[in-house]
There are 2 protein chains.
Amino acid sequence: MFSGHNYIGFTASAKGRNKIKSFSTILGDHLPEEFTSASEEEIKQATEKAKTAFERYKKISAEEKAVFLETIADEIIGIGDALIQRAMLETGLPEARLTGERGRTVTQLKMFASILREGSWVEAVIDPAQPHRKPLPRADIRKMLLPLGPVAVFGASNFPFAFSTAGGDTASALAAGCPVIVKAHSAHLGTNELVANAIIAAANKCNMPDGVFSSLIGEGATLGQALAKSPHIKAIGFTGSYKAGTALYKTSVNERDAPIPVYAEMSSINPVLVLPGKLENDLVKTVAHLAASISLGAGQFCTNPGLLFVINDGVTDEFIKSLSEQLAAMPQAAMLSPVICKTYYEGRKKIVQEKGVKTILLGEDAGSSYKGSAALMEVNAPDFIANNELQNEIFGPTSLIVKCIDGSELFEALQSLHGQLTGSVFGTTGDMNLFSDCIEVLTEKVGRLIYNSVPTGVEVCHAMVHGGPFPATTDARTTSVGAEAIKRFVRPVCFQDCPEEALPEALKEHNPLGIMRKVDGNYTRAGIGETM
Amino acid sequence: MFSGHNYIGFTASAKGRNKIKSFSTILGDHLPEEFTSASEEEIKQATEKAKTAFERYKKISAEEKAVFLETIADEIIGIGDALIQRAMLETGLPEARLTGERGRTVTQLKMFASILREGSWVEAVIDPAQPHRKPLPRADIRKMLLPLGPVAVFGASNFPFAFSTAGGDTASALAAGCPVIVKAHSAHLGTNELVANAIIAAANKCNMPDGVFSSLIGEGATLGQALAKSPHIKAIGFTGSYKAGTALYKTSVNERDAPIPVYAEMSSINPVLVLPGKLENDLVKTVAHLAASISLGAGQFCTNPGLLFVINDGVTDEFIKSLSEQLAAMPQAAMLSPVICKTYYEGRKKIVQEKGVKTILLGEDAGSSYKGSAALMEVNAPDFIANNELQNEIFGPTSLIVKCIDGSELFEALQSLHGQLTGSVFGTTGDMNLFSDCIEVLTEKVGRLIYNSVPTGVEVCHAMVHGGPFPATTDARTTSVGAEAIKRFVRPVCFQDCPEEALPEALKEHNPLGIMRKVDGNYTRAGIGETM
């Protein structure tokens, strides 16, 4: 069923010497299929094919690209249950979750198809010529977003579909007009092969250029670095660890003739303010909500709430006790990989030894069966503020409660926070007023601010921001989820006094695409000099 | 008339030990006034004040910020002729040019004021809640752009107004809601002080927070690096040399806990395709156009056309001869500073010794009087392609002609080009068709593509892109001129289920600002659930 090969564009290829096997934390053993690491030569071929493919792919119409994305979605669904079963084996994630995630992946592909058809995403801006302007005439200047070129995508272990081979980075890069080279995640190589097959099949059906997509197998330190250094790669989409993400980022700046954008989503502990009025009024529901979020998917979400800020008052002890009991009662779930499982238990062991950290709950070490047990710790705000180590992500079902004596200590603690994907506020209207300065500080630290809900669960929509200040990501100016993700893989280019026949469709005089444009600073779908 | 002090917010301060004087290339001597370098402590104070000011400034209304920008413009005009006279002494630029540049600076400030009043630049996107959606309800998610925080601005020697103290970077950062710390350019310290005075006066009149603007004096290696490393600085706007720009860029990535965006505009040689049909039909006008552009302002423009590609045919020799004659006839003009003048003549000396480079015109070395004389060189395409040194910017009135035997050699030469701010095409309709593949390659290398005109002269408008792939800039995804420059100093933040009263004005239900928003993916100025 699995060939174990790389895709160098349309060509299946397996010339490397290293073989890799996926590990199943459910079976507690390696899966039998062997996958072949890409050789240096194969990596080079893939980047060269991507560069050549770009010359044709960037000129393909929005409609054709939309159909390509939709065909990928259809092909993925077409794999059927075999895809879900393989992903279950490779990730340990349950069937319902994976079925849902496949649905999200398909939704993302279709969302970008519809964005391409609507067309306004290219941000066309036109300042028509003013030949009679004094003292100097104004030239005709027209701007739009154009694709950067081939993009290297590094998939995530915890989202084998939605953030991997045909995930958000791939979908948005292909939508933007950029060929994609995926570095298959070593934890789900079979899943990658099935999805890569689907993309290649779709590319063939849709007559896309050879090289519009490649899938390469290998380790981050070799394959990853080779891609980051390739002159043909023009941007990187990455989801994973702080260490790997910053390594790619630094390579892209320090070891290339021309640096490229690196969109690495890395490390976030997603602070939650659990405010006093809310606990007073709504303790039971708040605890249930948080316990479910902390333990969801064995805590293996980039939006897992790893930090809970409370004001130490009459109900705090009850809150902590209740949360601890609910977490203890949660069933242990399989973790994604032996490395993630080991790192989780090591992280727990380390943090409980930090100054001032008190253990509330420390579920048994189920590392031998690759399962994650919940943990809950607490620390006082001054110890939290003094110790950066307490802000390291511990990827798994655990959270650290930070006890503050009052709002001003909370304010100070929040000021010491590193950048985050999300921040959540559980509070009544009274809380919101009382702690408005704290909420303001939190807003500066995050990409998404959530009121009275947990951070897990990221909606794929137009307004979503799944990003945030470093170290949550390497580029807070962007999002990796939602419609705006396409903007990561483009740059603006303006055309001055360009003849009508040489202009891109989006910038032509009569607006043949009917897109929203800004003309002389005003939004309009009319052609130049026309009214709607 | 000049105090020589720094501005730490509203406080004039001069505690450093080093004194600097501006040099006048017109007088051939240092100007008498002493300016005091900022001490380490003063630099720290300025960044702390900027951080504190940000907390208030980010909440100030768009209208108040607009009035602030307009008041800066008025205060600059209010300085009167003294500003022009001082800038003439310090830069050697002629009066008419400086008067025009002052007008542009004022225009820029007013343009950002009008962008703030219109308000749609914040890119508000709203996906209203869908409480009845199956299988899961959708939360209410609303996104907009928010300011990054204090910005350090490094002014340019060649635009003492429009790219310096109150130039485009300062105007766009202040408009975005970010306090600004300007590193005064050492070549025009008096000009900086006059403009800084104007900004401080405007800030006081408009009741802006102390620290919304600071002006610091010092060298790039000390002051510049200190600003790039400061935890309070959240972005950098820079215009200057490749060496200084990349130094700031690498510091921002490698020597900070949290990297920040660096928008450095550095090195561009602005290739021009001079196509055969155009020369056949319109040689005289084309030559006049190019000669004027190459020698404009002693060639000291980032958009100076430093590279002319021709197809070697019957009229090429006439073109070269005529261009050389016209350049030789251009009057020598004062250069901006002794360093720039020295670097120019060194650059010329170096390039004429490179393999295959033939000197067409080498104006006398007028370095002793700090004047720039024109130069023209030629090289064959294969030698150009083989030698990266030929793509180094030589800042001054010189250009290198690259002779190609045919379109395919031209295509190859263009493929070897580094990133550029601009690319220009002089061609007839026939040329455009014949060389369409070359124009396509050129488009990939530039931020602005110009048809039948020279690259010098950058319009301040909505559609302008003054940016381009590395090494033209460190971030091709942005522009430093025009309306979109404001986007460099913001990041998107989304609010999930945020109570109406806590939402920013731009995201409120009934759209009180009347801005263009995207609601459920559709552009509208209507409130949620309303129709216009």
Side-chain angles (χ1 to χ4, degrees), chain A residues 118 120 125-127 136 138-139 141-143 146 149 249-250 253-254 258-259 261 418-419 429 432 436 439 443-444 446-453 457 459 461-465 467 469-471 474 476-479 483-484 490-499 502 516 518 520-521 523, chain B residues 118 120 125-127 136 138-139 141-143 146 148-149 249-250 253-254 258-259 261 418-419 429 432 436 439 443-444 446-453 459 461-465 467 469-471 474 476-479 483-484 490-499 502 516 518 520-521 523:
Chain A
E118 196 283 325
S120 305
V125 181
I126 299 178
D127 292 316
L136 288 172
R138 184 172 84 176
I141 299 176
R142 305 180 183 218
K143 186 213 81 167
L146 293 178
Y249 181 45
K250 297 209 168 177
V253 172
N254 298 320
H418 303 164
T429 306
M432 304 289 181
S436 63
I439 296 172
T443 310
E444 274 188 29
V446 307
R448 177 165 57 115
L449 188 71
I450 303 149
Y451 286 79
N452 286 308
S453 191
E459 183 74 33
C461 60
H462 299 278
M464 178 49 62
V465 178
F470 192 92
T474 48
R477 296 163 294 172
T478 61
T479 175
E484 297 280 316
V490 291
R491 67 181 180 94
V493 175
C494 81
F495 299 85
Q496 181 171 327
D497 288 336
C498 179
M516 184 64 88
K518 220 190 273 181
D520 265 330
Y523 290 92
Chain B
E118 197 283 324
S120 304
V125 181
I126 300 177
D127 292 316
L136 287 171
R138 184 172 83 176
I141 300 176
R142 303 179 184 220
K143 186 212 82 165
L146 293 178
L148 289 177
Y249 181 44
K250 296 210 168 175
V253 172
N254 297 321
H418 303 164
T429 305
M432 304 293 182
S436 64
I439 297 171
T443 310
E444 273 189 30
V446 306
R448 177 164 59 114
L449 189 71
I450 302 150
Y451 286 79
N452 285 309
S453 190
E459 184 72 33
C461 60
H462 299 277
M464 178 49 62
V465 178
F470 192 93
T474 48
R477 296 163 296 173
T478 61
T479 174
E484 297 280 315
V490 291
R491 66 181 180 93
V493 175
C494 81
F495 299 85
Q496 182 169 326
D497 288 336
C498 179
M516 184 65 89
K518 220 189 272 180
D520 266 331
Y523 290 92

**Message:** Could you check whether any side-chain heavy atom of A:Asn254 comes within less than 4.5 Å of a side-chain heavy atom of B:Asn254, counting everything from C-beta outward?
**Reply:** yes
**Message:** Can you tell me which of B:Leu148, B:Thr429, B:Thr443 forms the most heavy-atom pairs within a distance under 4.5 Å of chain A?
**Reply:** B:Thr443
**Item:** Rounded distance [0.5 Å steps], SG in B:Cys498 versus CG in A:Leu449
**Value:** 7.0 Å
**Message:** Test your reading of the model: is there a side-chain donor-acceptor pair from B:Asp127 to the backbone of A:Cys461, 3.5 Å cut-off?
**Reply:** no
**Contacting region of B:Leu136 [heavy-atom separation from chain A under 4.5 Å]** = neither
**Asked** Is the closest side-chain heavy-atom distance between A:Lys143 and B:Arg448 below 4.5 Å?
**Response** no
**Request:** Answer with side chain, backbone, both or neither: which region of A:Ser120 has an atom nearer than 4.5 Å to a non-hydrogen atom of chain B?
**Result:** both
**Prompt:** What part of A:Ile439 is in contact with chain B, defined as an atom under 4.5 angstrom from a non-hydrogen atom: side chain, backbone, both or neither?
**Reply:** neither
**Message:** When you compare the side chains of A:Asn452 and B:Asp497, does any donor N or O come within less than 3.5 Å of an acceptor on the partner?
**Reply:** no
**Message:** Please identify, among B:Ser436, B:Ala502, B:Pro261, the residue contributing the most non-hydrogen atom pairs under 4.5 Å to chain A.
**Reply:** B:Pro261
**chain B contact via A:Glu484 - which portion, at a heavy-atom distance below 4.5 Å** = side chain
**Complete:** Among A:Arg138, A:Glu459, A:Met464, the residue with the most heavy-atom pairs under 4.5 Å to chain B is A:Glu459
**Request:** Heavy-atom distances under 4.5 Å only: say whether A:Pro492 touches chain B with side chain, backbone, both or neither.
**Result:** both
**Request:** Measure the NZ-NE2 distance between A:Lys518 and B:His462 for me, rounded to the nearest 0.5 Å.
**Result:** 7.0 Å
